[in-house]
Number of protein chains: 2
Amino acid sequence: MEIFSKTCEYAIKAVLYLYTKQDRFAKIGIPEIAREIKSPVSFTAKILQKLSQRGLIRSAKGPGGGFYIGRKRKSIFILDIVNAIDGKESLNTCALGLKNCSSSRPCPMHFEILDCRKAIRNLLGSQSIEELSKKILSNEVYLVN
Amino acid sequence: MEIFSKTCEYAIKAVLYLYTKQDRFAKIGIPEIAREIKSPVSFTAKILQKLSQRGLIRSAKGPGGGFYIGRKRKSIFILDIVNAIDGKESLNTCALGLKNCSSSRPCPMHFEILDCRKAIRNLLGSQSIEELSKKILSNEVYLVN
DNA sequence: TCAATAAAGGACTTTATTGTCTTTTATTAA
DNA sequence: TTAATAAAAGACAATAAAGTCCTTTATTGA
Ligand code: FES
Ligand code: FES
């Protein structure tokens, strides 16, 4: 019933944290990111690596290196992070574990879940990271408690 | 991103299967249930045991024994099964892993997720097992593929 | 060129979930 | 009262998710 995996949680928070930096080319190191989002350092390293491979963030090795957003790019959304980490299928598998989720041979939850999924996809696809990070900067919302 | 745990999936399907039986006192054995919902026999046994302990279904030992619904009871809903298996908290924990989910110190997803959760709770709380099992009997929906 | 730095990569451990197997307990019917 | 049956209970095994640690590679600046 948990919405996101831990991996996804940290990924979302890490990207949000990066977006709170005004300078999109400021290199942020793993220790700082992990500290600011309260996540395990080495595990976070792995996740940042993946996000970088998927092109959602950039990275620079060596002294003064770290992770950063990079040049102006089209808006990304929570959904993009989820897709990058969990894969696109995760939102389309049958809630009751049938091999294929389809309206022609639906499980007892199919149509109801479909509506719900649509709502979730809508939600995750409409929350732009820039907007959310602004809310963090203005202390409307928080990355840690 | 998966909605239910495997345990929950099997629990829901097992209870639905029991409700498809017209005779609420007909004792259904573990092998039949596991076969009909395509679940691992021993694992299913454990889950049925738990459902029985929680009072969602009844059980009878010995020859001719098995699981059954029992005397007329107030309608149960998918949500009741989820609560019995995963606990009631599972729908209230912070989506981004903050210790406490609260509107006074919300995470970036809090308010949006809140709406979503309300929708899910509504959905799961409005799907009565009786109704769903009728749809199974009329081949509108299926427990296996 | 060399030492320091920081991410990339890979092997590994821990923990939780899923699943199996065996023994015990209760019930039935001969 | 006994043998057969079926769930209850608990120990165990396999797999996946989460997390750690160590080595390698790339980059920088002295
Ligand atoms: S068939 Fe189960 S959710 Fe679509
Ligand atoms: S604080 Fe994160 S969902 Fe409520």
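Numbers restart at 1 for each chain; the letters A, B, ... are given by sequence-line order, proteins then strands.
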> Among A:Ile120, A:Thr93, A:Asn83, A:Asn92, whose side-chain contact (heavy atoms from CB on, under 4.5 Å) with B:Met1 holds?
Replying inline: A:Ile120

>> Just N and O in the side chain of B:Thr7: are any of them under 4.0 Å from OP1 or OP2 of C:dT17?
In response: no

>> For a quick test of reading the model: is some side-chain N or O of B:Tyr10 closer than 4.0 Å to OP1 or OP2 of C:dG19?
In response: yes

> When we call it a touch if two heavy atoms are under 4.0 Å apart, what does B:Ala60 touch: a base, just sugar-phosphate, or nothing?
Replying inline: sugar-phosphate

> Which part of the nucleic acid, if any, lies within contact of B:Ser59, taking any heavy atom under 4.0 Å across all strands shown: a base, the sugar-phosphate backbone alone, or nothing?
Replying inline: sugar-phosphate

>> Nearest 0.5 angstrom please: A:Ser75 OG to A:Gln127 CD, how far?
In response: 12.5 Å

>> Quick check on DNA chain C: between B:Ser42 and A:Gln49, whose nearest nucleotide comes earlier from the 5' end?
In response: A:Gln49

> Angle class for the B:Phe25/B:Tyr68 ring planes (parallel below 30°, perpendicular above 60°, tilted otherwise)?
Replying inline: tilted

>> Would B:Arg105 pass as a cation-pi partner of A:Tyr142, given that its NZ or CZ must be under 6.0 Å from the six-membered ring centre and within 45 degrees of the axis?
In response: yes

>> Testing the 3.5 Å rule here: is there a donor-acceptor pair between the side chains of A:Thr20 and A:Ser133?
In response: no

> Do we see a donor-acceptor contact under 3.5 Å between the side chains of A:Thr44 and A:Ser39?
Replying inline: yes

> Given atom CD of B:Glu2 and atom P of C:dT17, what is their separation to the nearest angstrom?
Replying inline: 15 Å

>> Output the rounded distance in Å from NZ (B:Lys46) to P (C:dT24).
In response: 15 Å

> Which residues, if any, of residues 11-37 of chain A bring a heavy atom under 4.0 Å of DNA chain C?
Replying inline: A:Ile28, A:Gly29, A:Ile30

